[in-house]
Protein chains: 2
Amino acid sequence: MTEDAVVSPFRPVRHEHDACIDDALDAADALCAKQGVRLTTLRRRVLELVWGSHGPMGAYDILDRLREERMRDEKKGAAPPTVYRALDFLLSNGLIHRIESLNAYVGCGAPSDGHAGQFLICGDCGSVGELDDPDITKMIASKAEAMGFAVTHQTIEATGLCPECARRGAKNEN
Amino acid sequence: MTEDAVVSPFRPVRHEHDACIDDALDAADALCAKQGVRLTTLRRRVLELVWGSHGPMGAYDILDRLREERMRDEKKGAAPPTVYRALDFLLSNGLIHRIESLNAYVGCGAPSDGHAGQFLICGDCGSVGELDDPDITKMIASKAEAMGFAVTHQTIEATGLCPECARRGAKNEN
DNA sequence: ATGGTTTTGTTATGTTATAACATCGCAAAC
DNA sequence: GTTTGCGATGTTATAACATAACAAAACCAT
Ligand SMILES: [Zn+2]
Ligand SMILES: [Zn+2]
Ligand SMILES: [Zn+2]
Ligand SMILES: [Zn+2]
């Protein structure tokens with residue numbers, strides 16, 4: 001029996017992140033077209049900002065970026081609802097996820113179905129890897145079911161050290 | 001091979017909840033004595049308030065209760081830090097857990113080690129059942145490890161319908 | 001062009017959490 | 001028994017996160 005190659009949910013420290021963002025935006029365009037929903041300029045820009053890093057971004061971080069841009073264009077600033085509405089849209093269309101333990105948002109690495117995502121959060125560098133492991137989902141659902149509980153949504157977040165930071169940490173422990 | 005009896009993490013709708021609270025407080029007294037930390041009057045009272053229900057309680061809910069009590073005693077009110085400090089103490093001594101997806105707190109059903117807890121949250125009645133299933137913990141740790149990620153803390157929260165509400169829901173679907 | 005719908009702007013406010021510094025109260029050291 | 005140190009609590013102010021409610025604009029279909 002052959003095993004699927006295990007692909008790390010963490011990107012290499014230096015990768016072509018512009019391409020990474022472009023891919024995410026292209027996927028979003030396609031998905032929204034298919035769903036018949038409108039990825040407006042604002043929503044697309046917010047998604048782009050969220051994808052600015054592979055780390056979680058707070059709503060007010062996004063807001064600050066938007067304000068900067070608009071100020072540069074001599075336009076008025078923006079207010080919290082502008083950002084939260086865009087985030088709501090992106091969330092409900094599965095283009096981003098919310099990290100509950102950080103009150104922050106990350107781009108979804110596999111925006112297709114309405115999955116929940118499972119997150120590995122590095123306490124050192126802040127990067128977040130997304131897992132979507134059906135074994136975990138199933139095990140939790142079945143353990144809950146054994147208690148008579150019917151699960152509709154799972155929040156799975158693990159904090160720790162990402163491969164990169166673990167390696168760096170080991171190095172500095174000489 | 002004999003199976004351990006599976007005990008529901010949900011209490012019956014009507015149970016001797018005063019005794020339930022007393023048990024929790026006794027356990028807390030014992031644990032704090034053993035750890036050589038001080039379960040002061042305030043901390044003990046906050047724990048008691050958190051145990052007031054088997055549902056999650058917000059910090060400001062607790063604060064309101066404290067204020068009421070103090071007002072009745074003609075004393076001054078209380079301020080947020082009073083509550084948050086007590087909650088921090090209780091959290092770091094494993095006497096309560098924080099539910100990240102609700103910004104709220106619940107009493108720990110098995111306050112012993114520094115475990116994280118896994119929560120089943122009823123979206124209908126708000127009651128929370130605590131699971132501490134080592135299979136889930138291990139599976140997540142090992143899946144993460146396979147990605148080179150070293151987990152130090154897990155946040156596991158499932159939303160859905162508790163047994164009680166599922167039964168009630170089924171009844172009303174005639 | 002018109003009218004209805006969706007999106008965005010704007011103002012105000014609600015909710016959750018922490019920083020910083022003052023004070024209190026108990027117990028060990030003197 | 002007073003002093004002194006320290007952990008706990010009080011107090012004030014503010015930071016950080018999120019939503020309600022209503023107005024204006026942009027969009028789209030007829
Ligand atoms: Zn990238
Ligand atoms: Zn890292
Ligand atoms: Zn009870
Ligand atoms: Zn319920």
Side-chain angles (χ1 to χ4, degrees), chain A residues 28 32-33 35-50 55-67 69-71 73-93 95-106 126 155 157, chain B residues 28 32-33 35-47 49-50 55-67 69-71 73-93 95-106 126 155:
Chain A
C32 287
Q35 300 295 136
V37 295
R38 297 170 26 189
L39 188 60
T40 62
T41 309
L42 173 65
R43 291 166 175 173
R44 199 168 192 280
R45 182 64 188 130
V46 169
L47 179 58
E48 196 175 5
L49 287 170
V50 169
M57 198 154 185
Y60 278 72
D61 296 339
I62 297 165
L63 183 55
D64 289 344
R65 299 295 191 89
L66 277 184
R67 289 210 242 245
E69 295 178 357
R70 295 189 178 187
M71 290 309 177
D73 298 355
E74 321 253 326
K75 295 195 290 191
K76 275 197 191 163
T82 297
V83 168
Y84 280 103
R85 282 191 290 231
L87 290 173
D88 285 345
F89 171 88
L90 297 170
L91 280 170
S92 58
N93 288 282
L95 297 168
I96 61 173
H97 293 291
R98 175 179 162 82
I99 308 292
E100 297 293 346
S101 59
L102 298 174
N103 297 328
Y105 306 82
V106 289
T155 299
E157 300 172 11
Chain B
C32 287
Q35 300 294 135
V37 295
R38 295 170 27 184
L39 188 61
T40 62
T41 309
L42 173 65
R43 290 165 175 174
R44 199 169 192 282
R45 182 64 188 130
V46 168
L47 179 58
L49 287 170
V50 169
M57 197 154 185
Y60 280 74
D61 296 338
I62 296 165
L63 182 55
D64 289 343
R65 298 295 190 88
L66 277 184
R67 287 210 243 245
E69 295 178 357
R70 296 190 178 186
M71 291 308 178
D73 299 355
E74 322 253 327
K75 296 195 288 190
K76 276 197 190 162
T82 297
V83 168
Y84 280 101
R85 283 192 289 232
L87 290 173
D88 284 345
F89 171 88
L90 297 170
L91 280 171
S92 57
N93 288 282
L95 297 167
I96 61 173
H97 292 291
R98 175 179 161 81
I99 308 292
E100 298 292 346
S101 58
L102 298 173
N103 296 328
Y105 307 81
V106 290
T155 299

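A, B, ... follow the sequence lines: proteins, then strands. Residue 1 opens every chain. It should be emphasised that the depicted structure is a prediction, and the values quoted were computed from it without experimental measurement.
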(request) Rounded off to whole Å, could you give me the CG-to-C1' distance for the A:L90 and C:dT7 pair? (result) 14 Å

(request) Report yes if the ring of B:Y84 lies under 5.5 Å from the six-membered base ring of C:dT18 with planes under 30°, and no otherwise. (result) no

(request) Could you tell me whether the side chain of A:E157 and the main chain of A:E100 form a donor-acceptor pair under 3.5 Å? (result) yes

(request) Using whole Å, report how far CG of A:L39 lies from P of C:dT8. (result) 10 Å

(request) Indicate, with a heavy-atom threshold strictly under 4.0 Å, whether B:T82 touches base, sugar-phosphate, or nothing. (result) base

(request) Check the pair B:L66, B:L42 against side-chain contact (heavy atoms from CB on, under 4.5 Å), reporting the backbone distance first and the verdict last. (result) CA-CA 9 Å; B:L66 277 184; B:L42 173 65; 4.1 Å; yes

(message) Of the options D:dT19, C:dT8, D:dA8, whose atoms approach the side-chain atoms of A:R85 most closely?
(response) C:dT8

(message) Distance check needed: D:dT12 P versus B:K76 NZ, whole Å only.
(response) 6 Å

(request) Calculate the interatomic distance between B:L102 atom CG and C:dT15 atom P; express it in whole Å. (result) 16 Å

(message) Base, sugar-phosphate or nothing for B:Y105? Non-hydrogen atoms, less than 4.0 Å.
(response) sugar-phosphate

(request) Please state how far atom CG in B:D61 lies from atom P in C:dA17, giving the value in whole angstrom units. (result) 11 Å

(message) D:dA18, OP1 or OP2 - any side-chain N/O from A:R98 closer than 4.0 Å?
(response) yes

(request) Select one nucleotide: of C:dT8, D:dT9, C:dA17, the one nearest the side-chain heavy atoms of B:R43. (result) D:dT9

(request) State whether the side chain of B:R70 and the backbone N or O of B:K76 hold a donor-acceptor pair below 3.5 Å, judged by distance alone. (result) no

(request) Could you please name the option among D:dT11, D:dT9, C:dT10 that lies closest to any side-chain atom of B:P81? (result) D:dT11

(request) Answer yes or no: does a side-chain N or O of A:R70 lie under 4.0 Å from OP1 or OP2 of C:dG9? (result) yes

(message) By nearest atom, which of the nucleotides D:dT11, D:dA18, C:dT10 is closest to the A:A79 side chain?
(response) C:dT10

(message) Main chain of A:A86, side chain of A:R43: is a donor-acceptor contact present, judged purely on distance under 3.5 Å?
(response) no

(request) Report yes if a donor N or O on one partner sits less than 3.5 Å from an acceptor N or O on the other, where the partners are the side chain of A:Y60 and the base of D:dA18; otherwise report no. (result) yes

(request) Rounded to the nearest angstrom, tell me the gap between atom CG in B:L87 and atom C1' in D:dA8. (result) 15 Å

(request) Measure the distance from CD on A:E69 to C1' on C:dT8 and round it to the nearest whole Å. (result) 16 Å

(request) Could you tell me whether a side-chain N or O of B:R98 sits under 3.5 Å from a main-chain N or O of B:L91, the two making a donor and an acceptor? (result) no

(request) Return the value, rounded to whole Å, for the distance between atom CZ of B:F89 and atom P of D:dA8. (result) 7 Å

